[in-house]
Amino acid sequence: ALRGHKGWDKQWTSPEPRAEYDVIIIGGGGHGLGAAYYLAKEHGITNVAVLEKGWLGGGNTGRNTTIIRSNYLYEESMHIYEHSMKLWENLSQDLNYNVMYSPRGVMMLSHNVHDQQSFKRHIHANRLYGIDNEWLTPEQAKAYCPPLDISASARYPINGAALQRRGGTARHDAVAWGYARAASDRGVHIIQNCEVTGIRRGPDGRVTGVETSRGFIGAKKVGVSAAGHTTTVMKMADVRVPLQSSPLQALVSEPLKPIFPCVVMSNTVHAYISQSDKGELVIGAGTDQYNSYSQTGGLQIITHTLDAICELFPMFRRVKMMRQWGGIVDNTPDRSAIQSKTPVPGLYVNCGWGTGGFKATPGSANLFAHLIARDEAHKFNAGLTLDRFRTGRLIDEAAAAAVAH
Ligand code: FAD
Ligand code: PYC
């Protein structure tokens, strides 16, 4: 069927690396590509390269379940995720690339009194900041998502739900490709199959460039956006980052006719689900309980998730699962991200988005570009410093992270 598809323009160019760039970004996921795009678009810095060891979006960007929401608890997080949400709303137009953003609503199920108290706390906090979030009764939850079983005899009874109507999903690879094309159009070099193996510093300790599988490439500034591999990259500059990398899994079913109108998450029983435009049920699990760099994960974790999905939505009991995969998520102790200068002049790090950084992609990229270009934080990422783990100014978002970890 694709035989007629000839003569299409490449979406981005694949140039040979220059000897030196003003900025090198390590990692061609959505965050790295987006940062390069905003460096060019908003700061006029176009002598930029994104170095990706594999293919664009082959990391967590292309492996996640694409849930977008901004219903976090603390001011620092609400600012950043809401900034992101506003960028999502116009991203397809901005990039001239359809990222298929679909604000179909994200509903979080409450199963017990503790869930109810915690969700209501989030709802009130969000509303104080003008962020939509509302409490639903079980009957209202069922009306919003008809496949949901709210019977009192269910194994995981539901006593209500928190709904963010503006939450939803987007097409993950389109986000990477859209940013790549738009950045490339503005002169950014996108260099795939180029693994960074070392970070070189001058006699004054400042970054001078990176060693790669394609040789040394000079840079005045280097931004690391390597998600699950952040600690290994930062070690190249002798910087320790408080992260633990572990597998997080997802799976998709055979395609079904449209049946599932929104996104549902059950944080207590460790399952989340939506339906893709192709018709597949997109289902995700909690993280494995051990650290690993393998992009797979324990069978018992997804077995437990499917068990929970079948209890919550009995009509899916006979649906077949088609594919399963894992990504490597980088969790901080307080489950909030780090976007910060480092002790090495000219080296910046964006990491710790853990199980929840897809939704943050536009906002994070936009603010990381600001940090690199101006050498100072924006007011929205000012709290995400590395040194909060020394000062104790933590931003505890373990509950809002919403995925078992
Ligand atoms: P990545 O896309 O992983 O990009 C980092 C890139 O760095 C990779 O491409 C990697 O190859 C490259 N790299 C690493 N080391 C080097 C090196 N030495 N040299 C060159 N390149 C290097 N978030 C949500 O908000 N909603 C969700 O529903 C959601 N679901 C998830 C489900 C799963 C199964 C997983 C795994 C994650 C999920 N997440 C979710 C989290 C989200 O996917 C990530 O937080 C986000 O995609 C991180 O984006 P990124 O661009 O930082 O990382
Ligand atoms: O952060 O919303 C989230 C999420 C859902 C599934 C994985 N992460």
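Fair warning: this is a prediction, and the values are worked out from it, not measured in the lab.
Looking at Asn381 and Gln339, their side chains do bring a donor and an acceptor atom within 3.5 Å of each other. Between Asp387 and Thr385, the side chains place a donor N or O and an acceptor N or O closer than 3.5 Å (distance only, hydrogens not considered). One side chain, Ser294 or Ser292, offers a donor N or O that lies under 3.5 Å from an acceptor on the other. If you check the side chains of Ser225 and Asn350, you find a donor sitting under 3.5 Å from an acceptor. Counting only N and O atoms by type, the side chains of Arg214 and Thr212 include no donor and acceptor under 3.5 Å apart. One side chain, Glu397 or Ser77, offers a donor N or O that lies under 3.5 Å from an acceptor on the other. Between the side chains of Arg69 and Asn133, no donor N or O sits under 3.5 Å from an acceptor N or O. The closest side-chain donor-acceptor pair between Asp375 and Tyr348 falls under 3.5 angstrom. With 3.5 Å as the limit, one finds a donor-acceptor pair spanning the side chains of Asn159 and Gln116. Side chains of Glu82 and Tyr72: a donor-acceptor N/O pair is absent below 3.5 angstrom, by distance only. Ser245 and His229 share no donor-acceptor pair across their side chains, judged by distance under 3.5 Å alone. When only modelled atom types and interatomic distance are considered, Asp115 and Thr268 share a side-chain donor-acceptor pair under 3.5 Å. At a cut-off of 3.5 Å, with distance as the only test, no side-chain donor of Glu280 or Gln275 sits close to an acceptor on the other residue.
Considering only heavy atoms from C-beta on, Gln249 comes within 4.5 Å of Ile302 through its side chain. For the pair Ser253/Met322, no side-chain contact is recorded, criterion being any heavy-atom separation below 4.5 Å from C-beta on. With a 4.5 Å cut-off on side-chain heavy atoms, Thr208 and Arg201 do not count as touching. Here the side chains of Val207 and Lys221 are not in contact, with every heavy-atom distance at 4.5 Å or above.
Looking at Tyr272, its side chain does come within 3.5 Å of a backbone N or O of Ala285 through a donor-acceptor pair. A donor-acceptor contact shorter than 3.5 Å is absent between the side chain of Asp288 and the backbone of Tyr290. Judged purely by atom type and a 3.5 angstrom limit, Ser336 has no side-chain atom pairing as donor or acceptor with the backbone of Thr332. No donor-acceptor pair under 3.5 Å is formed between the side chain of Thr46 and the backbone N or O of Val188. A donor-acceptor contact shorter than 3.5 Å links the side chain of Asn60 to the backbone of Ile328.
Checked for salt-bridge contact, Glu76 and Lys379 miss the test: no charged N lies under 4.0 Å from a carboxylate O. Salt bridge annotation for Arg127-Glu134: absent, with no cationic side-chain nitrogen under 4.0 angstrom from a carboxylate oxygen.
Remark: Pro333 pairs with Pro242, Phe389 by the side-chain contact (heavy atoms from CB on, under 4.5 Å) rule, at least two apart or across chains.
Trp88 does not carry Lys359 over the face of its six-membered ring by the limits of under 6.0 Å from the centre and within 45° of the normal. For the pair Arg200 and Phe216, the cation-pi test (distance below 6.0 Å, angle within 45°) is passed.
Residue pairs meeting the ring-ring contact (aromatic ring centres under 6.0 Å, His included) criterion with at least one member in residues 179-209, sequence neighbours excluded: Tyr21-His189, Tyr37-Tyr179, Tyr38-Tyr179.
Under the side-chain contact (heavy atoms from CB on, under 4.5 Å) test applied with Ile273, the options Thr65, Ile67, Val282, Ile283 reduce to a single match, Ile283.
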- request: In sequence, state the C-alpha distance, the side-chain angles, and the governing distance for His31 and Phe368, and then conclude on ring pair (Phe, Tyr, Trp, His ring centres under 6.0 Å).
  value: CA-CA 9 Å; His31 287 232; Phe368 196 40; 8.8 Å; no
